[in-house]
Amino acid sequence: MSNYHIKHLEEYWQVYRKSVRKPENFWEEIAEEHFLWRIKWEKVLEWDFSKPEVTWYKGAKLNITENCIDRHLTTRANKTAILFEPNDPKEKAQHISYKELHKRVCKFANVLKSKGIEKGDRVCIYLPMIPELAVSVLACARIGAIHSVVFAGFSASALAIRINDCDCKMVICSDGSYRGAKTIDLKVIVDQALETCPGVETNLMINRTGGEVTMKEGRDTWIQPLLDTASADCEATIVDAEDPLFILYTSGSTGKPKGMVHTTAGYMVYTGYTFKNVFQYRENDVYWCTADIGWITGHSYIVYGPLANGATTVMFEGVPSYPDCGRFWEIVEKHKVTQFYTAPTAIRALAKEKLDYVDKHDLSSLKVLGTVGEPINEEAWHWYNDHVGKRKSPIADTWWQTETGGIMISPIPYSTPTIPTFATLPLPGIQPALMDGQGNELKENQVEGRLTIKFPWPSMARTIYGNHDRYRETYFSTFKNMYFTGDGARRDAVGYYRITGRVDDVIIVSGHNLGTAPIEDAINEHPAVAESAIVGFPHDIKGNALYGYITLKETGEVRDQDNLRNEINQLITDKIGPIAKLNKIQFTNGLPKTRSGKIMRRILRKIAEKDTSNLGDTSTLLNPEVVQDIMDNAI
Ligand code: WTA
């Protein structure tokens, strides 16, 4: 029996049982049979969650790009590896074969080397969804440099924080980006960021939009002339299994963003294995994930997972609504997409549009659908199932996190029967547990609790860059010897998991994780603001939107409230990016606090949700009078 490709439910259970009974044997077999190693491991797994320290495939040596590119050259040289669909439907799509990808990655890697980048150096990549984004990621991996991709919607100061946190020596960016009808000047943002990044020696520039840019002598270089003359041979640098592959920042509920460090071998094995099973990929399929490579979904399931399986992976530069709301479906028809993986927020936005946008396209190529990023509501699930999948393509509702590296809980299409809103069952090797508030495991079914993972899996993040204490504190201190996800979940009578949402101060807006603390810090920088508290409230497209309660220094009537609201949102845009803007801003005379001075967000959350029937006992608050006032003036 092959463990690698699960094809029916009984097989899933057999494989799952084996994977938890003998995890080392299970992951050894997968690694041995399906990946390319220069030197095999001495030991499959060592772990201690109390430190926490986790080592997979100790002693093994490899290069992930040999797994993702070189090994396919014998059988798939002319197969399309990356299928690039530009923002403008009139611009031609690019079919980049494995052979061509190999050449482009090697040339790019040689340019990195010529600019002094060595194994272990950090390189920040700030690019739109153009082929060079995937190529530069792989070029770093080719030479053992550590990539830190920053989503190209982040502001200059958010970019600068991420560049400085991990001491990047180099930035790779483009002159601009296309998003629908808009052209965005990325170079201006990078220039501003680099004013506060003294460690950056080189800024390699890709020409995408052809706009005017100012080049800083000695720092900024156009890459094209360098690529033209670079050699197309670049020996892969052999790295250790546990050498870092990349850093990717995610929001925490407090403090600065966390640079999650992912290492090489375990990440490769797990993303490769889960890609094959969750998407049921077959040789001639055309797989499309609509995420951006600036997020973990793009890292694991646009680049590494698909390429490790020799797949054809679509990269889309644009947005779902340009030139009209049928764009996704037009692309599915045009490229005969077989697997389509997107976010609930996109589904909800498109479900609001005329059905004709979907119905006029031939979607018969689709075999598997996926969703990720937030809980999918029942209505959106049915719309996706009825109108996109035509009730014949199973939906994989995939639960996972930046920290987990790969999909953890998900149906295996054509094996696991699906139920709307349920991520269903753990993938092989994943041992979830639900915990109550007292730290006891809830072993029965039909329970709800905090979602934890009891046993290591190969693609888990190993640390937070530069702050291992914070890593232990955030993920391994809430429950002894367990990884705590920060999510709540319910397990139903048959053992299916349904993720109920975050139980900490992270709010998921349009599938993006936003910590409340950094947004509040940005708001509090406004000279008129005394203090602020952000909570989430349900929004029919974004899933959640942000509601800000803001107390001003000057009490009394705020004269130009709208102007102040705009200034506050502009400040958030400058500090973090437009994704963190507040939908509603209420000016308050105070914020409800406990006697120790902690803001009672639970109360604010209920008011924002317009559910004030059960606010609990507010009489013990330091300032109970503000609650009524906030309720009276709620938006
Ligand atoms: C949420 C994205 C419900 C969850 C891969 C998690 C989900 C956070 C699902 C991680 C899902 C992701 N159902 N909730 N299928 N997938 N989440 O780090 O709260 O951007 O903790 O990783 O998104 O978001 P991140």
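Below, each value reflects all heavy atoms present in this structure, side chains not excepted, and no hydrogens, waters or symmetry copies. In each ligand, atom 1 is the first atom listed, and ligand 1 is the first ligand listed.
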Verify the distance criterion only: is there a donor paired with an acceptor across the side chains of Tyr267 and Ser300 at less than 3.5 Å? yes

Walk me through it: do Arg391 and Asn385 pass the test side chain to side chain donor-acceptor pair (under 3.5 Å)? CA-CA 5 Å; Arg391 300 194 185 189; Asn385 189 40; over 6 Å; no

Residues in contact with ligand 1, criterion: heavy atom under 4.0 Å: Ile296, Thr297, Val372, Gly373, Glu374, Pro375, Asp397, Thr398, Trp399, Trp400, Gln401, Thr402, Asp487, Ile499, Arg502, Ile508, Asn513

When His299 is tested against each of Phe246, Trp400, Tyr304 for ring pair (Phe, Tyr, Trp, His ring centres under 6.0 Å), which residue passes? Phe246

Salt-bridge contact Arg327-Glu85 (side-chain N to carboxylate O under 4.0 Å): yes

Could you go through residues 156-165 and list every donor-acceptor pair under 3.5 Å that involves a side-chain atom there, pairing it with any protein atom two or more places apart or in another chain?
| residue | atom | partner | partner atom | Å |
| --- | --- | --- | --- | --- |
| Ser157 | OG | Asp574 | O | 3.2 |
| Ser157 | OG | Lys575 | O | 3.0 |
| Arg162 | NH1 | Ala158 | O | 3.0 |
| Asn164 | ND2 | Ala160 | O | 3.4 |
| Asn164 | ND2 | Thr196 | O | 2.9 |
| Asp165 | OD1 | Lys256 | NZ | 2.9 |
| Asp165 | OD2 | Tyr249 | OH | 2.8 |

Are any of the side-chain heavy atoms of Tyr301 and Thr398 separated by less than 4.5 Å? no

